[in-house]
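Read the structure below first, then the notes.
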Amino acid sequence: MDISLQTHQSYIGKSVHDLPTPALVLSKSVIEKNVNRLHEDVEKLGIGFRPHVKTLKTIEATRIMLANGKYRKIVASTLCEIRGCLPLVKEGILDECLYGLPVRPSVLNDLNAFTTQHNLKIVLMVDHPDHIRILDEFNTRTGRTAPWPAFIKVDVGTNRAGIMNSSPRLDQVIQSANASAAVSIYGFYCHAGHSYASKTTDQAVKVLEEELNGVLMASEKLVDRSKTEEIILSIGATPTAHVVANLKQNLPANTNLELHAGNFPANDLQQVATGLVSFDDQAVRVVAEVCSVYPERNEALINAGVIALTKEASSFSGLARWTDGIDWSIVRVSQEHGIFGWVGEESKKEKVENKFHVGQKVSLYTQHACITSAMYYVMYVVDEQDIVRETWIPWKGW
Ligand SMILES: Cc1ncc(COP(=O)(O)O)c(C=O)c1O
């Protein structure tokens with residue numbers, strides 16, 4: 001077991017420099033600023049909001065994203081995340097959870113129990129006729145009479161889950177869902193993962209428009225709306241959420257729009273690379289320690305390797321960047337070793353021995369906060385002076 005699980009509270013009141021390394025550090029004021037920014041945009045537009053809980057995987061972060069119950073629905077991608085959120089249902093600030101992967105037979109018992117035993121409304125995601133079949137079979141076998149609310153997942157260009165509007169299979173899924181007593185169509189959902197390639201506001205706004213048009217077009221295929229009084233169109237990904245204020249909505253009657261996003265409280269180098277947020281908007285850092293310095297190759301070795309940082313990429317080269325000198329990048333990793341190298345302009349090259357010494361604590365911005373955060377057992381939450389004020393324990397596993 002990670003020793004931090006036993007000792008984490010003893011670091012409350014101490015500086016980030018006192019933490020055992022590698023450690024995951026969260027700046028609470030940055031999280032709150034990032035979340036408030038999105039809440040304000042959503043409020044101004046008057047649309048719904050559904051945060052994804054996968055990034056910081058904690059009760060505390062989820063409560064902030066829900067604004068203590070002002071917003072009352074989430075997306076989760078694992079049963080473990082849903083179980084982790086059940087105290088918020090009991091507390092009365094969470095009503096609904098979308099299980100964010102196309103549904104599969106082995107999760108139905110658990111998902112059903114979240115509703116019947118814990119009073120959490122579960123919404124599913126479907127994009128294949130087999131999904132409708134397994135729901136029919138489940139309800140027949142178990143005697144469940146309530147239809148499962150389900151989003152039809154539309155692929156707007158990411159090529160992950162979902163069906164493109166151009167495919168006749170989309171009509172087929174819509175029609176079989178509409179005809180089934182085990183399903184009630186809740187709405188249409190897309191997730192523009194490809195918006196991460198945006199480099200400007202205009203590019204992100206274009207993807208945002210593609211998302212809206214994608215779900216709108218799909219919803220028009222739902223010819224018989226007699227079973228559905230109102231439908232929800234759910235769009236978003238953190239880059240498109242960052243530009244959601246640019247949205248111009250013109251929706252048909254009985255159609256509500258909601259925004260979903262997950263990474264936005266944290267941000268990371270991938271988000272900074274979109275040009276939509278700045279370095280200071282990153283709430284997640286990894287703190288590591290310099291183990292050795294090599295002047296002959298202008299490199300330093302730290303105790304944060306691939307399993308402390310992950311091997312994600314963006315237009316910022318390397319696996320992580322030093323917060324005190326952004327041109328020092330983690331250029332290579334092994335399991336537990338990370339190598340700092342200079343990636344800035346040759347003419348401005350700094351000497352490693354002038355910047356790093358053995359035993360120095362270094363903070364790193366990471367490429368993808370969701371994946372890096374998932375590596376840690378404890379999250380040290382610091383104030384603006386970098387003093388640990390809280391520790392959050394993330395939900396682990398699936
Ligand atoms: C189904 C679904 N919805 C929403 C999100 C949130 O995306 P992001 O982290 O870009 O905000 C994700 C992320 O993977 C997702 O899989």
Side-chain angles (χ1 to χ4, degrees), residues 42 45-53 66 71-77 82 94-103 111 114-115 120-129 131-132 135 146-158 160-165 167 169-193 207-237 240-241 244 247-262:
V42 163
L45 288 165
I47 61 176
F49 180 54
R50 183 188 295 274
H52 201 309
V53 301
L66 293 174
Y71 308 102
R72 305 184 65 86
K73 46 193 182 176
I74 56 169
V75 200
S77 38
I82 305 179
L94 173 65
D95 300 333
E96 179 187 307
C97 175
L98 165 65
Y99 176 65
L101 262 71
V103 68
L111 293 176
F114 289 136
T115 303
L120 175 64
K121 178 176 177 181
I122 294 290
V123 178
L124 303 179
M125 194 172 263
V126 299
D127 68 2
H128 194 285
H131 296 143
I132 318 302
L135 295 173
W148 294 82
F151 275 115
I152 311 271
K153 182 78 193 278
V154 184
D155 179 2
V156 291
T158 301
R160 197 171 68 170
I163 316 175
M164 293 229 170
N165 266 294
S167 166
R169 284 208 319 115
L170 182 58
D171 290 271
Q172 210 188 324
V173 173
I174 294 172
Q175 299 326 325
S176 52
N178 215 21
S180 163
V183 180
S184 66
I185 296 180
Y186 194 65
F188 293 82
Y189 190 104
C190 67
H191 169 66
V207 183
L208 178 72
E209 286 165 2
E210 283 163 16
E211 287 184 319
L212 183 57
N213 291 337
V215 285
L216 261 174
M217 207 188 289
S219 70
E220 282 158 15
K221 296 177 199 276
L222 183 62
V223 184
D224 173 11
R225 283 185 65 164
S226 57
K227 272 179 72 188
T228 47
E229 278 168 18
E230 120 181 331
I231 56 165
I232 295 184
L233 303 183
S234 191
I235 60 171
T240 53
V244 74
L247 196 65
K248 289 178 196 59
Q249 326 167 36
N250 202 359
L251 297 180
N254 300 336
T255 305
N256 290 318
L257 190 62
E258 73 171 28
L259 179 77
H260 53 253

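Residues: numbered from 1 along the sequence shown.
Between A192 and V207, the shortest heavy-atom distance links the atoms CB-CG1, 3.5 Å. Closest approach of I231 to G187, counting heavy atoms only: CB-CA, 4.1 Å. What you find for V53 and A76 is that their closest heavy atoms are CG2-CB, 4.0 Å. The minimum heavy-atom distance linking S180 with I132 is given by the pair CB-CG2, 3.5 Å. Contact detail for P129 and R169: the closest heavy-atom pair is CD-NH1, 4.0 Å. Residues M125 and G100 come closest through the heavy atom pair SD-O, 3.5 Å.
Contact check for Y189 versus I232: no side-chain heavy atoms found under the 4.5 Å cut-off. Put simply, the side chain of I235 does not reach to within 4.5 Å of the side chain of V244, judged on heavy atoms. Side chains of L257 and L212 form a contact here, defined as non-hydrogen atoms less than 4.5 Å apart. Side chains of P51 and L66 form a contact here, defined as non-hydrogen atoms less than 4.5 Å apart. Between L259 and L247 the shortest side-chain heavy-atom distance does not fall below 4.5 Å. Contact annotation: the side chain of F114 never approaches that of C97 to less than 4.5 Å [non-hydrogen atoms, C-beta and beyond]. Residues K221 and F188 have side chains not in contact (no heavy-atom distance under 4.5 Å, counting atoms from C-beta outward). Side-chain contact between V126 and W148: absent, with no pair of heavy atoms (C-beta onward) separated by less than 4.5 Å.
With values rounded to the nearest 0.5 angstrom, H128 atom NE2 is found 10.0 Å from S176 atom OG. Going from atom CG of L98 over to atom NZ of K121 covers 11.0 Å, rounded to the nearest 0.5 Å. Rounding to the nearest 0.5 Å gives a distance of 10.5 Å between CG of D171 and CG of L222. Note that OH of Y186 and CD of E230 are 8.0 Å apart. Values are rounded to the nearest 0.5 Å.
Under the 3.5 Å distance criterion, the side-chain polar atoms of T115 are matched with a main-chain donor or acceptor of L120. The backbone N or O of I174 sits nowhere less than 3.5 Å from a side-chain atom of N178 that would complete a donor-acceptor pair. Checking side-chain atoms of S219 against main-chain N and O of M217 turns up no donor-acceptor pair under 3.5 Å.
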**Test side-chain contact (heavy atoms from CB on, under 4.5 Å) applied to I82 and L111, step by step** = CA-CA 9 Å; I82 305 179; L111 293 176; 3.9 Å; yes
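When each of I152, I185, D127 is checked for a side chain to side chain contact (heavy atoms under 4.5 Å, CB included) with V173, only I152 meets the rule. For the side chain to side chain contact (heavy atoms under 4.5 Å, CB included) with E211, the lone residue among L216, L233, T240 that qualifies is T240.
Taking the six-membered ring for Trp and thresholds of 30 and 60 degrees, H260 and H191 have ring planes inclined between 30 and 60 degrees apart.
Legend: salt bridge (Lys or Arg N to Asp or Glu O under 4.0 Å) pairs involving residues 250-260, not counting sequence neighbours, sorted by first then second residue: R50-E258, K73-E258.
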